[in-house]
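Any value given below was found using the heavy atoms of this structure, including those in side chains, with hydrogens, waters and symmetry copies removed.
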Amino acid sequence: MPHDKTADLPAHYDHVRMIFDILRGEREADLLLRDLNVLDVHGEAVHQGSILVHGQRIIALDPDESVVRVREVFDGQGLYAIPGLIDAHLHFDAQLAHPAAFGEAIVPSGTTTIFAETLDFASAAGDEAIEAAQALFKDHEKLPYRIYAFAPGKKTSVDVTAAMLRMDPVIGLGELAHLSYMTGNDDDFRKAALGRANGGFVNAHWGVTALPDMLLNYLPAIGAHNNHDVWNEEDIDKSVRYGFHTQIKFGVGSPEVIRTMLRAIVRRRWPAENFQLCADNISVDRVLTKGHIDWVISLAVEMGVPPIQAIKMGTLYAARSFGMDHEFGSLAPGRFADIVLTDSLSKINPRYVFKGGELVAQDRKLLRRAGLDYSGMVKQPRPGLTGLTPDQLDLTPIEVSADGERAKVLLFDVYGRGHLKFAQEVWVPFRDGAVVPEVDGVRLNRISVVQRYADGTRHIVNGLFKGVSIDRGAVSTFWPAPFPYFVVVGADSGEMCANLERLDAYVGGCVVTEDGQVRASLPLDIYGVMADMDLPELVDATRSIDAALEKLGHRNEGEPVVNKLLTLFISLDRFGFMV
C-alpha cells in the first residue's frame, strides 16, 4: 500500500509549533554555541556570531540572546565553526576496524558523515551476507558519525544486493566492476537495474585506466553519478567532461597521487564544485597520525586551492552530490548541527566536534565510546591448507633465455594501482638452475598468492615483490573477498609455507614469523575482514606487525604493512590472479 503522507501530520505540527515557540522565547532550546567565527559556505564568507541548536538541528543563526532560552551554552572561544566533514567514498569494510572502533579514529579528525561501500564484508560473509549486514548496521544511529551505505555492485549475488538495497542506512548501489560490465555480464545489468529501480545512487568504478573511450560512456549513460576512479590530470579531465561528481581520493597508496590530482585541479582551474573528497581505502593508523578529510583539505590549500573552496569540497559539495545538502554540509537553519570548531581555515585543526549538537570529540579525542558489541559476528576458523608443501611456493621461470642465463618471472608492486604496472613480466638472473630474485641489481623478496580452499589442484601464483623487504622470516595476509586467498612474502619456501600454516589457524588477518615461530599477529575474527577490537587494541596490533618486520630488516614508511598488503587483493582480483 502507498504510504499515507499525512499519517505523521500531528508530529510535524508539533515540530513547527515548537520551533516557533523557541524562537519567541517561550520554550527552551537545547544548545547555544556563542563567540564563533561562522563559515557560511553558501556565501563564502565568515561572520562573528552564534548558532542555536534544538533536536539535533540548527534552528537559528545569531539568535537574540535577550529572547531565547537555552539549556546549555557552549563558549566557542572565537574559533572558526565549519560544517562537519564528509567522506564521499569509503570502503567501510577494508580498514579492519568495526564501526565503533572506526569512529574512534575518524570523528576526532572532524568527520561526521561517511558514504560507505560494504562489498568486501558482504562477499566475505557468503551465505550469511544478509544477516551479517543487518548485524553490521544494527544501532548505527548510536555511532558518533552518520553512515550512508551502498549495496554491493560486485563480489556478491544479485539476491544479496537486492536484500541490502532494502536495508537502512543503504541509499543506493555500490561500485560496479568495470572488468565484468564491459563484457556484458548479466548480473551487472540486473544489479544496475536494481539500483535504478530503488531510486538510489549508483557508484561508478569507472575503469578509466582499462576501458576504451566508447565504453566509458556506459556508466554515466545508465545513471551512475559519481566517480572516484581517477589517478591523474587526464582521468580528472574525462571524469568532469562526462558529467561525474568526481571524488578525489587519498587512502592507501603513493602519497604523491593525491598531490598530483590537487595540483591539476589548481592548474586547470576546474570549478571546485565538481569535486568531493574521499579516502577510498584507509587505515586507522593513517588517520591517527595524519588525519582524515581534515588532512586532505589542508593539503588542498597547500597545493593552491582557496581555503573555503577546499572546505566546500569536504562538506557542501559532498552533501550536494548525494542530494543531501538540505540535511548537512553547511551551517544553516534546518541542517543537522554537525559542527567542527577549528582555529584555522587553511590548516584544519578540529578542537571540538559536534554531531547533531552533541559534543562527541575534543582535541582529537573521542569523548564517549558508542558501546556497541560486535562479538556476535565473530566466526570460527576454517583451515584449508592441508597438503600445502614448500616446493609449491618455489619460484620457477615463465621462460628461460636462449643462453640459459636469464629467467622471466612475474614482478608485483604494492604501489601498482593507477600509476605503475601492478604486475609485469621481468627478466632476472638464472644461475645453477635457479632464479636469482634480483631486478636491476636490487634483491627482492618473493611473493606467493595461494588459494585457501582447493577443489583439486590448488591455485598458486609465485613471483617477486616490491613493497616488503625482509632479510629472514615471512609475513602473510588473508582476505576472503571475493575469493579466499593468502598472500605470503619472504625469501625461503619453507619459512613461507610454515607462516601460511600459522595464519591458516585464524579466520583471517596477518602473521609475521621467524624460524616458523609467530613474532606478531593481527586476527580479523569478524568474517576475516574486521578485528573484534577497540581502536587502541587494533592500532597496537598493526604496529606490532611493523615492529616485527623491522627486526627482520624491513623499513616501513607510510601506511602499516598489513594495510599495504591487503590492498594487493583488489588488484589480484581485478587483473585475474585469483580464480
Take atom [atom1] in [X]; do more than 12 heavy atoms of anything else shown fall under 6.0 Å from it?
X	atom1	answer
K379	NZ	yes
R269	CZ	no
Q134	CD	yes
R17	CZ	no

Side chains of [X] and [Y]: does their closest heavy-atom pair fall under 4.5 Å?
X	Y	result
K238	W206	yes
L366	P144	yes
D573	K155	yes
I282	V287	yes
D280	L90	no
L32	P63	yes
K347	V301	no

Can you tell me if [X] and [Y] form a side-chain donor-acceptor pair at under 3.5 Å?
X	Y	value
D64	S66	yes
D93	T118	no
S157	D159	no
S283	Q95	no
D35	Q77	no
R574	H205	yes
S321	H225	no
E44	Q309	yes

Problem set entry | Inter- and intrachain pairs under ring-ring contact (aromatic ring centres under 6.0 Å, His included), touching residues 107-135, at least two apart |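 For residues 107-135: F115-Y148, F115-F322, F121-Y527.
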
Problem set entry | R27/M18 under side-chain contact (heavy atoms from CB on, under 4.5 Å): CA gap, chis, key distance, verdict | CA-CA 7 Å; R27 297 179 65 175; M18 176 186 63; 3.6 Å; yes

Exercise. Can you check side chain to side chain donor-acceptor pair (under 3.5 Å) on D168 and H140, steps first, answer last?
Worked result: CA-CA 9 Å; D168 179 46; H140 70 87; 3.1 Å; yes

For this session: Just do the salt bridge (Lys or Arg N to Asp or Glu O under 4.0 Å) check on E233 and R263 with the steps written out, would you?
Result: CA-CA 9 Å; E233 182 173 338; R263 291 190 193 106; over 6 Å; no

Do any N or O atoms from the side chain of [X] and from the backbone of [Y] form a donor-acceptor pair under 3.5 angstrom?
X	Y	answer
T111	V107	no
K312	V41	yes
D338	G356	yes
H91	A94	no
R335	P333	yes
E537	D534	yes
H54	D30	yes
R71	L31	no
D8	A11	no
N198	L194	yes

Exercise. Using 30° and 60° as the class limits, which term best fits the ring planes of F102 and H292: parallel, tilted or perpendicular?
Worked result: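 F102 vs H292 ring planes: perpendicular.
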
Exercise. According to the interplanar angle, ranging from 0 to 90°, do the rings of F74 and F354 count as parallel (below 30°), tilted (30 to 60°) or perpendicular (above 60°)?
Worked result: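 Plane angle over 60°, so perpendicular.
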
Could you tell me whether [X] and [Y] make a salt bridge, using a distance below 4.0 angstrom between a side-chain N and a carboxylate O?
X	Y	value
D237	R268	yes
E358	R368	yes
E65	R34	yes
E175	K154	yes
R190	D187	yes

Exercise. Of the options N349, N37, I348, which is the one that meets D343 in a side-chain contact (heavy atoms from CB on, under 4.5 Å)?
Worked result: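 Output: one option passes, namely N349.
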
Exercise. Please walk me through it: do L136 and M530 pass side-chain contact (heavy atoms from CB on, under 4.5 Å)?
Worked result: CA-CA 11 Å; L136 183 72; M530 290 180 182; 3.9 Å; yes

Rounded distance [0.5 Å steps], [atom1] in [X] versus [atom2] in [Y]:
X	Y	atom1	atom2	answer
H47	D40	NE2	CG	7.5 Å
L535	D285	CG	CG	9.0 Å
D532	D525	CG	CG	7.0 Å
Y352	L359	OH	CG	8.0 Å

Exercise. Listed by chain and number, what are the side chain to side chain donor-acceptor pair (under 3.5 Å) partners of K191, not counting sequence neighbours?
Worked result: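 K191 satisfies side chain to side chain donor-acceptor pair (under 3.5 Å) with no residue once adjacent residues are dropped.
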
For this session: Report yes or no: is the cationic atom of K249 (NZ for Lys, CZ for Arg) under 6.0 Å from the centre of the six-membered ring of W231, at an angle within 45° of the ring normal?
Result: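 Relative to the ring axis of W231, which defines the angle, K249 lies inside both limits.
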
Exercise. Looking at F336, is R57 sitting on its ring face, NZ or CZ under 6.0 Å from the six-membered ring centre and within 45 degrees of the normal?
Worked result: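 That pair qualifies as a cation-pi contact.
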
For this session: Show the numbers, then the answer: is there a side-chain contact (heavy atoms from CB on, under 4.5 Å) between T112 and L85?
Result: CA-CA 6 Å; T112 56; L85 307 182; 5.8 Å; no

For this session: Please test W270 against I236 for side-chain contact (heavy atoms from CB on, under 4.5 Å), starting from the C-alpha separation and ending with a verdict.
Result: CA-CA 10 Å; W270 282 306; I236 296 172; 3.5 Å; yes

For this session: Applying side chain to side chain donor-acceptor pair (under 3.5 Å), run through S346 and S344 and close with a yes or a no.
Result: CA-CA 6 Å; S346 59; S344 171; 3.2 Å; yes

